[in-house]
Amino acid sequence: MNARVAETQTTTFQADSALLRELGERLVGQAHIALAELVKNAYDADASRCHIEIRPDEIVVADNGHGMSETEFLRHWMTIGTRHKERNRGRSRRLKRNVTGSKGVGRLAAQFLARRLEIVTVARTRRSRQLFATVDWDKAINAGKLTKAKARYRVEPRSSVFAGGARFGTRVVMKGLKQEWGEVEIRDLGRELWMIQSPIGRYGALSNDTEDRENFEVELRSTLPQVQDAFDAQMQAALKNYMAMITGEVRRSGKRTEAHVRVSFGGEEQYSERFSVSPLVNRAKWEIRVFKLAGKQAMGIAVQEARDYFAKFGGVKVYDAGFRLPYYGVDQDWLGIEYDHSHRMSRSALLPERLQVRRALYDLPTQGRLFGVVDIDTGSEARNATDGQRRTGEFLKIQVTRDRLVANKAYLELARVVRWSLDYYATRQRLREQTRAQVERPTEAPKDALGRIASLVQEARKAHPGDDTLVALQEEVERLVEIIDKDRVADEATRAMLGPLASAGMVALALEHDTKKEMRRAREILGLLGEAVKGVEAPKIRRLTKGLQDWMDRTDRSRRLFSPLLNVDDREEVDVLSAGAVLEQVVENVEPLIPGMTVAIETSRSVYLPPATFAEWNSLLQNVLVNAANATLDCEDGMALCEVGRTGRNSWIRIHDNGGGVDLTEAKDLFDPFARRVGISEERLALGLGGTGLGLTIVRMIAEQRNARVTFVKPTPPWSTTFQLSWRSFK
């Protein structure tokens, strides 16, 4: 008898209406996150304004975004977990913003906050009609099946206005609040939202352009005590952490045009200069803030969050009669800042000699540490143009695309004066750091001062025999004298090593001087050889010539290692240097010696090394990097990471590698002379790179001479070794 085969059937998933509450609690979880979700919906709807009103038993969120049509309300808002944002590839409809949400939990956030909901929305594409909807969340949750949970709505003639007086947008009203709102909750709300708000409105610049992708401002109003102030303080926290303010103005009076630039540091130290400007610009004003994106930030903001914020909103922007020209900002180097950083420029090409400061452009802030606004009016510039300017067209004017200024001489003059102010800031900052780092040398040896203390203790013991405290004090003084004697012996040993090293350095300089002349002569000979075989079939000679040329290029790259010794300033001038700038330069110089290792750099130009010569720091870091390269010889993919940072009052440089690792229990011994931890390849030995066991000894000697400390610390994955140079910050 054949067994009967059961018939295959299908069924559908069912959802209980209580899922509305479960999703709201699990996906949203906290009241401030729930309210932030509604504000983020406004951002995703391309709004430029979002207003929040918090009343004792009601919250209103209104925006001037694109609103919803009836079809969009039914297909999107009434569908839990809709994927329409994903279908738009994570971009908003008109301004192509990166959307902040994708799970469709906005209405669940409303359910989490209140028992009843009202929505009024007007689509941008149909401004004469509005959709009004209500939801009783308690009834919806108790409906049984999710498909039976209902919202009531109607479409009617528009009678509402929205944030900023707009005729389109969305207003969400939540009634019957489930949570209490106070100062703490509002600060938490601000921490959720400040990253999506453009600093433009809070910064004081005019901004009427609702088509600006960056232009999004959140305003909170409340009758509850201290709530509004708490929110405003949190939303402005990132902008309050600036270290300097640069302001400037260009004004033409008759035939004379003058710029006035002011730089203030924390409202305390102030500097100002006036200089003449080519009479192509009638009037311009600017304000630029320089931020310190290291160390503790205001209002509990994480350093990385602040960096991400200014990477998005930073740079120096241009406004034409209150409308932002989108071409200018953090992604456009219209002031040549990043260019000068990449080319290691150290001297301003704009400032007069009396204002120049050595290595000042090392303190030029990157675009990601700036936020500024340049305010012009091309209409006014056209009206005030001279007859000559009208004939030549040399005045500030907008391109047909209305996204940037015409790149004429007037524009170049505007860029010059704004950049002049940034270079002026860099020179003042450099002077401040040099002043703060002045080191006062002791006027007498420590042992001499200690000898006087020992004599006073002996006299006190004679006057007060049997005093145990004085006995103990004398013992401590004697122990300290022993420590100083040991320190003196170590110093003498160090000086004994420095003599031969100095002699070797002088020999190296002499050899480098002769090598430079010989290399120049060799290139001349190569040039003559190339001329001699021109038009002649001599492929073998050409191959040999090309090989010799390549060898000379490699040799020149290797000779960069000696460049800090060849430059008198680098070799002899003690200065306060940016740790990030020094590290970047050293990594570039040492590159020919570590061809098999990938080096990443995470630096901060607001961290400064103790006063020393560039040659000293170059020698120290070069030794460490070559050691790291030697340690990764057996790795298929040798890597190193160089970091600059600050922890409290301590600043540091850390160099990580994925080599063989260091036993931290024996790491201290590696700084002793002739201690080695890794074998050196024959190729590197032939170049004289490593192998003597003196590299880390020299590293320690330089560090201690400059009041710094070197050590190996516990690495974090994926690194196996972490070297640390640390010092006490002097500011």
Side-chain angles (χ1 to χ4, degrees), residues 344 362 497-498 501-502 504-509 511-512 554-567 569-572 575 577-601 603 609-610 612-633 638-644 652-657 659 670-671 673 676-678 680-681 683-706 708 710-712 721-727:
R344 306 287 193 269
Y362 288 174
M497 291 180 61
L498 284 174
L501 288 174
M506 295 303 294
V507 172
L509 285 174
L511 286 173
E512 170 58 19
R554 290 195 302 272
T555 303
D556 277 340
R557 288 197 298 271
S558 298
R559 287 172 58 231
R560 286 190 308 195
L561 291 168
F562 296 98
S563 58
L565 295 175
L566 301 176
N567 185 296
D569 286 344
D570 289 343
R571 189 174 66 242
E572 299 179 359
D575 203 350
L577 303 174
S578 163
V582 169
L583 191 56
E584 290 169 1
Q585 184 67 62
V586 173
V587 170
E588 181 180 330
N589 288 349
V590 82
E591 187 177 356
L593 305 183
I594 53 174
M597 186 170 68
T598 302
V599 182
I601 306 177
T603 66
L609 289 159
T613 66
F614 176 76
E616 287 175 293
W617 296 128
N618 177 81
S619 177
L620 185 154
L621 295 170
Q622 177 183 301
N623 265 298
V624 177
L625 283 166
V626 170
N627 277 355
N630 290 334
T632 60
L633 288 174
M639 296 185 297
L641 170 65
C642 303
E643 290 184 294
V644 174
W652 44 261
I653 292 176
R654 292 176 185 150
I655 298 178
H656 316 267
D657 69 63
L670 296 176
F671 293 97
R676 289 166 54 180
R677 67 182 177 100
V678 65
I680 308 300
S681 69
E683 181 183 26
R684 280 203 163 88
L685 279 174
L687 290 171
L689 302 175
T692 64
L694 286 176
L696 289 178
T697 304
I698 295 171
V699 164
R700 183 176 63 183
M701 286 166 52
I702 296 172
E704 290 179 348
Q705 177 140 347
R706 295 306 181 183
V710 290
T711 185
F712 288 96
T721 305
T722 297
F723 165 88
Q724 177 173 283
L725 167 71
S726 59
W727 63 95

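Closest heavy-atom contact between Ala579 and Ile653: CB-CD1, 4.2 Å. Shortest non-hydrogen contact noted between Thr632 and Gly638 is CB-CA, 3.9 Å. Met597 approaches Ala640 most closely through the heavy-atom pair SD-CB, 3.8 Å. Nearest heavy-atom pair, Val699 versus Asn623, reported as atom, atom and distance to 0.1 Å: CG2-CB, 3.6 Å.
Note that OG of Ser578 and CD of Gln585 are 12.0 Å apart. Values are rounded to the nearest 0.5 Å. The line from CH2 of Trp652 to OG1 of Thr722 is 10.0 Å long, rounded to the nearest 0.5 Å. The CD1 atom of Ile698 lies 12.5 Å from the CD atom of Glu616; values are rounded to the nearest 0.5 Å. For the atom pair NE2 of His656 and CG of Leu641, the computed distance is 5.0 Å after rounding to the nearest 0.5 Å. Between the CG atom of Leu583 and the CG atom of Asn618 there is a distance of 11.0 Å, given to the nearest 0.5 Å. Rounding to the nearest 0.5 angstrom, the gap separating the CD atom in Gln705 from the CZ atom in Arg700 is 13.5 Å.
Phe723 is not listed as a side-chain neighbour of Asn627, based on a closest heavy-atom distance of 4.5 Å or more. Ile655 places a side-chain heavy atom less than 4.5 Å from the side chain of Leu621. By the 4.5 Å heavy-atom criterion applied to side chains, Trp617 and Arg706 are counted as neighbours. Using a 4.5 Å cut-off on side-chain heavy atoms (C-beta onward), Cys642 and Leu625 make contact. Val587 places none of its side-chain heavy atoms less than 4.5 Å from the side chain of Glu591. For the pair Phe614/Leu577, a side-chain contact is recorded, criterion being any heavy-atom separation below 4.5 Å from C-beta on. At a threshold of 4.5 Å between non-hydrogen side-chain atoms, the residues Leu725 and Leu609 count as touching.
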